[in-house]
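Written out below as structure tokens is the structure these notes cover.
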There are 2 protein chains.
Amino acid sequence: MVGLSTNLEENLMEKSLKRMATMNRMQVTGLELFYKNGYYNTSVDDILKELSLSKGAFYYHFDSKEDFFVQIIQNLLVRKIYSSLIEPIEGHEHTLDLIINCFEDALETAVHNEMDYGFLLSNFINEFNGRNEEVMKHLNEILRIWEVTLVSAIQRGKFNGHIDRHVDAEGVAVYLMSSYIGIRTLMVENTPSARKYRFMSQLRQYFKSIEIKQSSF
Amino acid sequence: MVGLSTNLEENLMEKSLKRMATMNRMQVTGLELFYKNGYYNTSVDDILKELSLSKGAFYYHFDSKEDFFVQIIQNLLVRKIYSSLIEPIEGHEHTLDLIINCFEDALETAVHNEMDYGFLLSNFINEFNGRNEEVMKHLNEILRIWEVTLVSAIQRGKFNGHIDRHVDAEGVAVYLMSSYIGIRTLMVENTPSARKYRFMSQLRQYFKSIEIKQSSF
DNA sequence: CGAAAAACAGACCCATTAGTCAGTTTTTCG
DNA sequence: CGAAAAACTGACTAATGGGTCTGTTTTTCG
């Protein structure tokens, strides 16, 4: 996968500023509406109406609705996941604390987002799974990066002596991803704040069970 | 909520057998296609083509596409969730074992289903959230029943002395539901069997942390 | 059997969809 | 300035969507 900043520089060099500005405006609004209504339930016209732009403008910049969405994934979705779920756990402090804080922050953002439609990534996975291989390839790639980051973090924790060296790093990663995806679905309705609190408590409980028990020495 | 069997008896009494048979055929095929392609991405024509039936037949039996879907939820979806996730944990044996076996069986079914599109319930929640209050009401009702069943099971476990009496039953329930919903999303692609195995291992790890530690007595 | 009711067929309606295209406005740059 | 390139307009198309309606077939039951 091409690095994020390199990709951005390329765009700035090859494409004019106006082009970039319009494309970005379209993509931001597009992601908003796709998140809100789903991809198949959002028409190109919906997006254009929101921006007071015409069909011609859209198809001047993008080949198709699918091309448009793939570019949204690469330009916006990847960055969002990176800043919220990847970077926060790449530090070198106590690993499990990093993950706890990362999840805490991400869920808190969701709580305060009055219009919440769940986890962007898993919503799109549900929608495209078995229907669009091309898009799924990109979404799975993001999942893979998240998984790799988590596995590295756990292994770092084992190496640093914070995490029991017998734990299966990949197992923990899968379990963490599962629970995060699920709680984001559960938080779309009904007292998201209470559910977040309960979730975080149990996550801490689980973490206690894979930590090195200081008391036993 | 009206009991399941009562509802069935009512239908059998009021509606002719032929009517019931056709309606059921439509609903079964409808659920299949809605699960596969999503509700908004499946047309009434798609379903009718599959069954070699006409528009007239459809609108003779159902008021609208939405009415059709709500009936599918009540007749098929509720039953599926009941038999796979509710009934299996209503027994009186060791609670955590019941839950482990229940999840194990449900996930194993998913592994062997070559065409898997994730967890029916969470897929539909993602699709209808913020778009259709009426349908969401029914889906949330199912979630609530699942949650209540889990909470009861945990409390039974605490009462029976298998589960630490300090644990928060509602917290455990939310955490279990989250992780199940999430793993079903992760299992739609990429080595579902391996992910299931890892997930179950970590679930057992988590359960160890909320069990009564026999060794400490 | 035969008439009424139930079950179904399919042409039709109107709104919406992704995508095209010929033409117009805006920007760039020599 | 002025011409070429870039950015954009909006009417149009062909396909598809949910839903209606008139009429035909099948079933039921006295």
Side-chain angles (χ1 to χ4, degrees), chain A residues 10-31 33-34 36-73 124 127-128 131-135, chain B residues 10-31 33-34 36-73 124 127-128 131-135:
Chain A
E10 266 171 27
N11 287 338
L12 277 173
M13 283 199 264
E14 287 172 12
K15 292 171 186 164
S16 77
L17 277 175
K18 176 156 197 197
R19 184 181 178 86
M20 285 286 291
T22 305
M23 287 177 81
N24 194 59
R25 239 160 50 89
M26 286 179 175
Q27 289 176 8
V28 168
T29 303
L31 181 57
L33 294 183
F34 288 146
K36 191 171 168 184
N37 306 317
Y39 175 83
Y40 292 110
N41 204 29
T42 302
S43 68
V44 173
D45 285 326
D46 290 340
I47 298 161
L48 294 171
K49 197 192 295 170
E50 191 85 9
L51 293 164
S52 300
L53 282 173
S54 67
K55 272 273 168 72
F58 184 87
Y59 285 97
Y60 175 73
H61 291 294
F62 303 99
D63 293 345
S64 66
K65 191 185 175 189
E66 178 177 323
D67 168 55
F68 176 59
F69 187 70
V70 169
Q71 292 205 39
I72 287 179
I73 295 177
F124 289 139
E127 192 168 4
F128 288 103
R131 285 148 227 161
N132 188 320
E133 272 305 312
E134 175 66 15
V135 169
Chain B
E10 265 173 27
N11 287 338
L12 276 173
M13 283 199 263
E14 286 172 13
K15 291 172 187 164
S16 78
L17 276 176
K18 175 155 196 197
R19 184 181 177 86
M20 284 287 290
T22 305
M23 287 177 83
N24 195 59
R25 242 162 47 88
M26 285 179 175
Q27 289 176 7
V28 169
T29 303
L31 181 56
L33 293 183
F34 288 146
K36 192 171 167 184
N37 306 316
Y39 175 82
Y40 292 110
N41 203 30
T42 302
S43 68
V44 173
D45 286 325
D46 289 340
I47 298 161
L48 294 171
K49 197 193 295 170
E50 190 86 9
L51 293 163
S52 300
L53 283 172
S54 68
K55 273 269 169 72
F58 184 87
Y59 286 98
Y60 175 74
H61 291 292
F62 304 99
D63 293 343
S64 64
K65 191 186 174 188
E66 178 177 323
D67 169 55
F68 177 58
F69 187 70
V70 169
Q71 292 205 40
I72 287 179
I73 294 177
F124 289 139
E127 194 168 3
F128 288 103
R131 283 148 227 162
N132 189 319
E133 272 305 311
E134 175 67 15
V135 169

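In what follows, every chain begins at residue 1, and chains take the letters A, B, ... in the order their sequences are listed.
One interatomic measurement links the two molecules: NZ of B/Lys18 to P of D/dC29, which rounds to 14 Å at whole-angstrom precision. Rounding to whole angstrom units, NZ of residue B/Lys49 and P of D/dG17 are separated by 8 Å. Between the OH atom of A/Tyr59 and the P atom of C/dG23 there is a distance of 22 Å, given to the nearest Å. Atom pair A/Met23:CE and D/dC8:P shows a separation of 11 Å (rounding to whole Å applied). Protein atom OH of A/Tyr40 is 17 Å distant from nucleotide atom C1' of C/dT16, rounded to whole Å. Here C/dT17 presents its P atom at 13 Å from CG of B/Asn41, a figure rounded to the nearest Å. Atom CE in B/Met26 sits roughly 11 Å away from atom P in C/dA7 (whole-Å rounding). Whole-Å rounding puts the A/Asp45 CG to C/dA18 P distance at 7 Å.
Using cut-offs of 30° and 60° on the angle between ring planes, the pair A/Tyr40 and A/Phe128 is tilted. Ring pair B/Tyr39/B/Phe34 is tilted by interplanar angle, where 30° to 60° counts as tilted.
An OP1 or OP2 oxygen of D/dA6 is reached within less than 4.0 angstrom by no side-chain nitrogen or oxygen of A/Arg19. Under 4.0 angstrom from either OP1 or OP2 of C/dT17 there lies at least one side-chain N or O belonging to A/Ser43. Between C/dA6 and B/His61, no contact under 4.0 Å exists linking OP1 or OP2 to a side-chain N or O. Using a 4.0 Å cut-off, no side-chain N or O of B/Thr22 falls inside it from OP1 or OP2 of C/dA7. Phosphate proximity of D/dG18 to B/Lys65: present, with a side-chain N or O under 4.0 Å from OP1 or OP2. In terms of phosphate contacts, B/Tyr60 brings no side-chain nitrogen or oxygen within less than 4.0 Å of OP1 or OP2 of C/dC8.
Ring pair B/Phe68/B/Tyr59: centre-to-centre distance not below 6.0 Å.
Nucleotide C/dG30 forms a pair with D/dC1, judged by Watson-Crick or G-U wobble geometry with both contacts under 3.5 Å. Under the Watson-Crick or G-U wobble criterion, with both distances below 3.5 Å, C/dG19 is paired with D/dC12.
A residue-by-residue look at A/Asp63 and A/Asp46 shows that A/Asp46 has its nearest nucleotide of DNA chain C further toward the 5' end. Between A/Tyr39 and B/Ser52, the residue anchored nearer the 5' end of DNA chain C, judged by the nucleotide with its closest heavy atom, is B/Ser52.
The shortest distance between side-chain heavy atoms of B/Asp67 and B/Gln71 falls below 4.5 Å.
At a threshold of 4.0 angstrom between heavy atoms, the contacts of A/Lys55 include nucleobase atoms, whether or not backbone atoms are also involved.
Set against C/dA9, D/dT9, C/dA18, the side chain of B/Leu53 has C/dA9 as its closest nucleotide.
At distances below 3.5 Å, at least one donor-acceptor pair connects side-chain atoms of A/Asp46 with backbone N or O atoms of A/Ser43.
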